[in-house]
Amino acid sequence: MEILIRNKVIEAIKTLYGQDVDENQVQVQSTRKEFTGDKTVVVFPFLRFSKISAEQTAEELGNYLVASIEIISGFNIVKGFLNLIFHNSYWIKQLNSAISEEKYGIRSANKDAELVMIEYSSPNTNKPLHLGHIRNNLLGFSISEIMKANGYKVVKTNIVNDRGIHICKSMLAWKQVGKGETPQSSGKKGDHLVGEYYVKFDQLYKKEVADLVTTGITEDQAKEQAPILNEAREMLRLWEANDPATRELWSMMNSWVYTGFDETYKTLGVDFDKIYYESSTYTVGRDEVLRGVQEGIFEQMDDTSVWANLENDGLDRKILLRSDGTSVYMTQDIGTAKIRYTDYPIDHMIYVVGNEQIYHFQVLSLLLDKLGYKWGKDLYHFSYGMVELPQGRMKSREGTVVDADDLVAGMVDVARKVSEELGKLDNYSDQEKQKIYQMVALGALKYFILKVDPKKTMLFNPEESIDFNGNTGPFIQYTYARIQSVLRKAVDAGITIPTQVPNIELSEKESTLIKILSGFPDAVKEAGENHSPALVANFVYDLVKEFNQFYHDVTIMNEPDEEIRKFRLLLAQTIGSTIKNGFSLLGIDVPERM
RNA sequence: GGCCCAAUAGCUCAAUUGGAUAGAGCAACAGCCUUCUAAGCUGUAGGUUUCUGGUUCGAUCCCAGAUUGGGUCACCA
């Protein structure tokens, strides 16, 4: 429709003023809701052609468009804005076509669709997931759903950072002071248990450093010489050398962590199509780095450490292999990338990783390019902002980290309290209630995080629990539940809801609702292009806000005119399914009752 | 210090990518349940869009500089 108007405007300028306008100069946008009209043409850019006032130009343009486009019934002019008004029948037609689609606004992939691989989550196996990981997981999952809805094939992947010096630290602490504690013996969740030993290592290390400083050396020297750190380094060396005892300890502790992670992922409702483990990709990366040395792409120092010199590319020198031969983070990322591209015919690779790693991905992209991979430059780092607390960044050492499992449990608790106070679920079984509490709690958490522009730093205040009123997930879930309630009443009354509506007169609210509804496909498309779940969240909120006013002002079931009653039922049903589809792109479920 | 990013109502966030009178929610205040679910709806109040210049018909948006905050520059990940 916008394209039709745009073309007609170009035609009109040509006919009226004998000038050619560039397509980009013609701006057709939805009319803001304070003004009457459906689409608005901005006429300012045409003034240099018409050489008359903005109002007059708009007048002439408006007359031309009314005469040449059947759907346009009239227009009004405010300053340089030409507001076009459509016939009712146009909006009825929009609604009918929305209904006729199986999943309105959602495309599905065909055989030739491009394949997008999306990496997200990527946890370290030395500590449990926290709030930062939650943003990552929710964004990664939602972007995957949005890309699918835009017709791409999607492979969701996870690279588990299961090896490295940090993993050895929790292993070493457990070995020294753990006394054989296991998840079974302690009743602790596996990832939490291992996390405690990671913290323990830091305490032991700090104590050793403090003791060494009293012997008269500097703090920097002490940090370098602390025995426990050297033991951790030695453990990493042994691990890379396949020492059986080290490997056995590693397998055991990692398995505890995986059991814990699986539980958290399941609660969050996220999943993966393919999981890679750093422990099995880093050797491929190491081989690539060594090939790079042979081909003169990287340089090896006298102490055998390997470096990439990126100074000619405006970056610094980067280490790729330590002098003891062990690998770093970058090494394995090179290997993982190579393996992925041989495993899948990837057209687009998206890394969902925080913006603190922008530099890392610049370097990775460049290194892969230097190693001769043509896709190296095409890696897309989807860099999202941090989650901050009122005191600033989360710091594990200061104990300010918001644990993922605790947060969700707390939310479920709040959901239960709110629900019990309202007492709407008193007739339901405990099991049904629990399911709804869970759904509402996660709806609140997910919406809270996903409605914010992913690129921006966001703030989370643990003191104030996440709201359930206003612009929130539960508000939208509630509206969905209300719609389902009306639809159930219709079924009880023996009304069959039609699948198409005839050409009836629409109230202003009704045409506004259809207008918003008809923007859903565009919202999905834009969310895909911008990798932004927030655009979907904002769309659903606008729709729901408008619907609640309609619901409040107008009766559906008590409407005397049967045709209008059925129309409203169909409208409500379509809005309900769009809420559901929209929320599914955010990974949020909607309840039939709440 | 070099490079990168951000700054919008008391607080948390929007603003159709340069358009109209900058919008929501929370918090505050005043209303609305005998009516399809009040987790709702209506109203009041709240702004020099950090500051100074520039670009143009028009700037929260683009450019330059400043201020403030954050990130990053490891033989950490």
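The chains referred to below are lettered A, B, ... by the order of the sequence lines, with proteins before strands, and numbering in each begins at 1. It should be emphasised that the depicted structure is a prediction, and the values quoted were computed from it without experimental measurement.
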[N] pairs with, by Watson-Crick or G-U criteria that keep both distances under 3.5 Å:
N     : result
B/A64 : B/U52
B/C26 : B/G10
B/C3  : B/G71
B/A15 : none

Hey, does [X] reach any base, or is it just sugar-phosphate, or nothing, if we go heavy atoms under 4.0 Å?
X        : result
A/Asn83  : base
A/Val452 : sugar-phosphate
A/Glu34  : nothing
A/Val41  : nothing
A/Met594 : base
A/Val328 : sugar-phosphate
A/Thr40  : base
A/Tyr541 : sugar-phosphate
A/Ile165 : sugar-phosphate
A/Glu464 : nothing
A/Glu529 : nothing
A/Leu459 : sugar-phosphate
A/Asn530 : base

It should be established whether [X] places a side-chain nitrogen or oxygen under 4.0 Å from OP1 or OP2 of nucleotide [N].
X        : N     : answer
A/Arg565 : B/C36 : no
A/Gln357 : B/U72 : no
A/Lys456 : B/U12 : no
A/Lys489 : B/U37 : yes
A/Lys545 : B/G25 : yes
A/Lys127 : B/A77 : no
A/Arg393 : B/U72 : yes
A/Arg32  : B/G23 : no
A/Asn471 : B/C26 : no

If I pick the [atom1] atom on [M] and the same atom on [N], what distance separates them, to the nearest angstrom?
N     : M     : atom1 : result
B/U72 : B/U56 : P     : 40 Å
B/G47 : B/A22 : P     : 12 Å
B/U49 : B/A30 : P     : 31 Å
B/G65 : B/A74 : P     : 26 Å

Starting from [atom2] on [N], measure out to [atom1] on [X] and report it in whole angstrom.
X        : N     : atom1 : atom2 : value
A/Glu421 : B/G40 : CD    : P     : 14 Å
A/Gln477 : B/U37 : CD    : C1'   : 14 Å
A/Arg163 : B/A77 : CZ    : P     : 7 Å

Legend entry - Closest non-hydrogen atom pair, A/Tyr541 against A/Gly470: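 Heavy atoms of A/Tyr541 and A/Gly470 come nearest at CE1-O, 4.3 Å.
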Inset, instruction - Write down the atom of A/Phe75, the atom of A/Ala58, and the distance for their closest heavy-atom approach. - result: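 The answer is CE1-O, 4.4 Å.
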Quick one: which of [options] gets closest to the side chain of [X]?
X        : options             : answer
A/Asp303 : B/C26, B/C75, B/G19 : B/C75
A/Gln29  : B/A77, B/G19, B/A14 : B/G19
A/Phe81  : B/A20, B/C4, B/A24  : B/A20
A/Asn558 : B/U42, B/A38, B/U35 : B/U35
A/Val42  : B/A20, B/G19, B/U42 : B/G19
A/Arg488 : B/U37, B/C73, B/A15 : B/U37
A/Tyr551 : B/U16, B/A77, B/U37 : B/U37
A/Asp453 : B/A14, B/G19, B/U16 : B/A14
A/Ser485 : B/A77, B/U12, B/U37 : B/U37
A/Pro45  : B/G40, B/C41, B/G19 : B/G19

Inset, instruction - Determine, answering yes or no, if A/Phe35 is stacked on B/A20 under the 5.5 Å centre rule and the 30° plane rule. - result: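 Per 5.5 Å and 30° rule: yes, stacked.
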Inset, instruction - Evaluate whether the aromatic ring of A/Phe475 and the six-membered ring of the B/G40 base sit under 5.5 Å apart, centre to centre, with an inclination under 30°. - result: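 Ring-base stacking flag not set for A/Phe475 and B/G40.
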Inset, instruction - Would you classify B/U17 as syn or anti? Syn applies when the glycosidic angle is within 90° of 0. - result: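 Chi for B/U17 falls in the syn range.
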Inset, instruction - Tell me whether B/C33 sits syn or anti, counting syn as a glycosidic angle within 90° of 0. - result: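 Classified syn.
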Inset, instruction - Answer yes or no for A/Arg163 and A/Tyr282: cation-pi contact, defined as NZ/CZ to six-membered ring centre under 6.0 Å and angle to ring axis within 45°. - result: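 Yes - A/Arg163 lies over the ring of A/Tyr282, closer than 6.0 Å to its centre and within 45° of its axis.
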Inset, instruction - Could you point out which residue of A/Thr336, A/Thr331, A/Asn161 forms a side chain to side chain donor-acceptor pair (under 3.5 Å) with A/Glu278? - result: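 Answer after filtering A/Thr336, A/Thr331, A/Asn161: A/Asn161.
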Inset, instruction - Report yes if some heavy atom in the side chain of A/Val524 is under 4.5 Å from a heavy atom in the side chain of A/Phe520; otherwise report no. - result: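 Result yes, sub-4.5 Å side-chain heavy-atom pair found.
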Inset, instruction - For residues A/Val28 and A/Leu84, determine if any side-chain heavy atom of one lies less than 4.5 Å from a side-chain heavy atom of the other. - result: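 SC-SC contact between A/Val28 and A/Leu84 ruled out.
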Legend entry - Polar contact flag, side-chain donor to acceptor under 3.5 angstrom, A/Thr31-A/Lys39: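 No, no side-chain donor-acceptor pair sits under 3.5 Å.
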Inset, instruction - Evaluate the ring planes of A/Phe361 and A/Tyr351, with Trp represented by its six-membered ring, and classify them as parallel (under 30°), tilted (30 to 60°) or perpendicular (over 60°). - result: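 Aromatic pair A/Phe361/A/Tyr351 classed tilted.
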Inset, instruction - Over 60° means perpendicular and under 30° means parallel, so classify the ring planes of A/Phe547 and A/Tyr551, tilted if in between. - result: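 Answer is tilted, since the angle falls between 30° and 60°.
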